[in-house]
Protein chains: 2
Amino acid sequence: MKVEHLDSCIVRHFSYYYDLTRKDEELLLELERSPTKVKAGTRLWEERDSANEFCTLSRGWAYSYRIMENGSRQILELYMPGDIIGLREFAFSQRLASVKMAEDGVVCYFPHQHVLDLFRQSMALTTIMFAISSRQQVLITERLVNLARRNAKQKLAHFLLETYQRLKQTQANGHDSFRLPLSQELLADLLGLSPVHVSRTLTALSDEGLVFRERHVVTIPDLKALKEMADFDDRYLIDNMRPLFNSHNS
Amino acid sequence: MKVEHLDSCIVRHFSYYYDLTRKDEELLLELERSPTKVKAGTRLWEERDSANEFCTLSRGWAYSYRIMENGSRQILELYMPGDIIGLREFAFSQRLASVKMAEDGVVCYFPHQHVLDLFRQSMALTTIMFAISSRQQVLITERLVNLARRNAKQKLAHFLLETYQRLKQTQANGHDSFRLPLSQELLADLLGLSPVHVSRTLTALSDEGLVFRERHVVTIPDLKALKEMADFDDRYLIDNMRPLFNSHNS
DNA sequence: CGTTTAGTTGAGGAAGGTCAATCAGCGTGG
DNA sequence: CCACGCTGATTGACCTTCCTCAACTAAACG
């Protein structure tokens, strides 16, 4: 049952795409050899640092961001346990964004070259890596659409729905509520709004009975209603590579 | 000198990342075996179509887009000759966006499986594919920042600078002007603005002597001034994988 | 030489930003 | 156990940017 290996977030994440062989799992576990505890607010790296390693996130949330000339901050990606941080910079020698922990967590660094080893040694892992990369692109694209084309209420709702769904895909939680360890300021920087307006929007959503938030727990009583309101279509989160594998691999 | 192969946009594009072997080139040329002429406005595919092929763009510009519930359109990516269209959907069985030709052009379809063949047969091509994918992610991310954090004048300026730079990297053109075969409506859908405001912004930029546009030709008389104004930093366009290769491959 | 298509210009309006004051929770130290 | 101060959230007043609608002009095109 290879239960033991599912302790590893990254193995669990990769398994989501395709059944891994024993050897694949061993290769993956290589990436998580040096777990490091990091406290909330720790900066894993900074824009312009030299980039020659990735990082797997084993516990806690993290986010990448850019500081603009005028001092405002745009958050680019939210990372959750099982995600690989820094994939974007594979073809670059410099970091293009900074990364910070949103809460206490555990990360494992590994050099870019390890990915080349993966490419060399396993077709399945290569394909999954590529799938993960393209999935990430899809997530960013959806966020772009969200920022460009929706109003504040929809932006916020859409983000909450995306997060809820992402969590459901990895951590099984049947409820209509989830933990969201992010301040309103962070939400603002994520959605391109001002903190003030996030607050207003959140109370508006609450007044309409669509979203409730207390402390760091968010509840969505009527998923369907919220999805409708936010123009949320989860197809972009539901990727599936099996057809690709089945039609070609043994 | 393998000059003959540089006729192929895609070979030229890949060569930008790393020197290809003869065999690599042959493999790549496989992808361009069925060139098809397409007229401006042709839709290559539509959201929700089943996705099992990519497409290389040999001539002309194309763009992917999404239509929102309220009828507005967001353009996601601009493709230029040498680009691969549809990478995003590698891990998906459905198209997540539609793609249209911005002008007359030539494309070549090839099935997703061909990429798996590449993975199987060439480390270099695998790595380059991955680099291209991560570069595309970087481009989208920068566009996200552009949409979320800059005002109309900066958005437009930033987009023009990015396009200018992208063209310079593939087509050598020494001048301070380039061809931009896009209507203002298209620019609006690209930048999340209204066509009206694009027009105003363009005249504002012209009044300030920063950008001139007549017909489909754009001139940037003072690159440095415009970059400053737009908060444009070209690091995100200058990727370089050589260090990665050199430190590990033969 | 009309007719379509793309761009320009003006006036009014809405969404969201900014600034500032206030409040609530909470950890810290006395 | 309480006072203090910190951070994060809320609320109000006012302002800016960009949108919308609409009329108009300029090319492009048969």
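Convention: sequence-line order gives letters A, B, ...; per-chain numbering from 1.
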Open item on the list: I'd like to know if the side chain of A/Gln94 reaches the main chain of A/Glu47, judged simply by a donor and an acceptor atom lying under 3.5 Å from each other, with no hydrogens or angles considered.
Closed with: no

Looking at [X] and [Y], does any basic side-chain N land under 4.0 Å from a carboxylate oxygen?
X	Y	answer
B/Asp234	B/Lys168	no
B/Asp49	B/Arg95	no
B/Glu142	A/Arg66	yes

Open item on the list: One pair to check against side chain to side chain contact (heavy atoms under 4.5 Å, CB included): B/Leu76 and B/Ile140. What are the steps and the verdict?
Closed with: CA-CA 8 Å; B/Leu76 309 175; B/Ile140 296 175; over 6 Å; no

Open item on the list: Output one letter per nucleotide in nucleotides 25-30 of chain D: B when a protein non-hydrogen atom lies under 4.0 Å from the base, S when only the sugar-phosphate is that close, - when neither is.
Closed with: ---S--

Nearest whole Å is fine: how far is [N] [atom2] from [X] [atom1]?
X	N	atom1	atom2	result
B/Glu185	C/dT5	CD	C1'	10 Å
A/Asn151	D/dC19	CG	C1'	13 Å
A/Leu156	C/dG16	CG	P	11 Å
B/Asp189	C/dA6	CG	C1'	14 Å
B/Glu214	C/dG7	CD	P	14 Å
A/Lys155	C/dG16	NZ	P	7 Å
B/Asn70	D/dC19	CG	P	13 Å
B/Leu147	D/dT17	CG	P	18 Å

Task: Partner of B/His158 by side-chain hydrogen bond (donor to acceptor under 3.5 Å, both in side chains), out of B/Lys153, B/Lys227, B/Arg150 - done: B/Arg150

TODO: Look at the rings of B/Tyr65 and B/Tyr63 and say which category their plane angle falls in: under 30° parallel, 30 to 60° tilted, over 60° perpendicular.
DONE: tilted

Task: Presence of A/Gln184 side-chain N/O under 4.0 Å of D/dT10 phosphate oxygens OP1/OP2 - done: yes

Task: Sub-4.5 Å side-chain heavy-atom contact between B/Arg33 and B/Phe110 - done: no

Task: Step-by-step side chain to side chain contact (heavy atoms under 4.5 Å, CB included) determination, A/Arg135 to A/Ile132 - done: CA-CA 5 Å; A/Arg135 177 194 153 99; A/Ile132 288 177; 5.5 Å; no

Task: Strand contacts (DNA chain D) in residues 190-204 of chain B, 4.0 angstrom heavy-atom criterion - done: B/Gly192, B/Leu193, B/Ser194, B/Val196, B/His197, B/Arg200

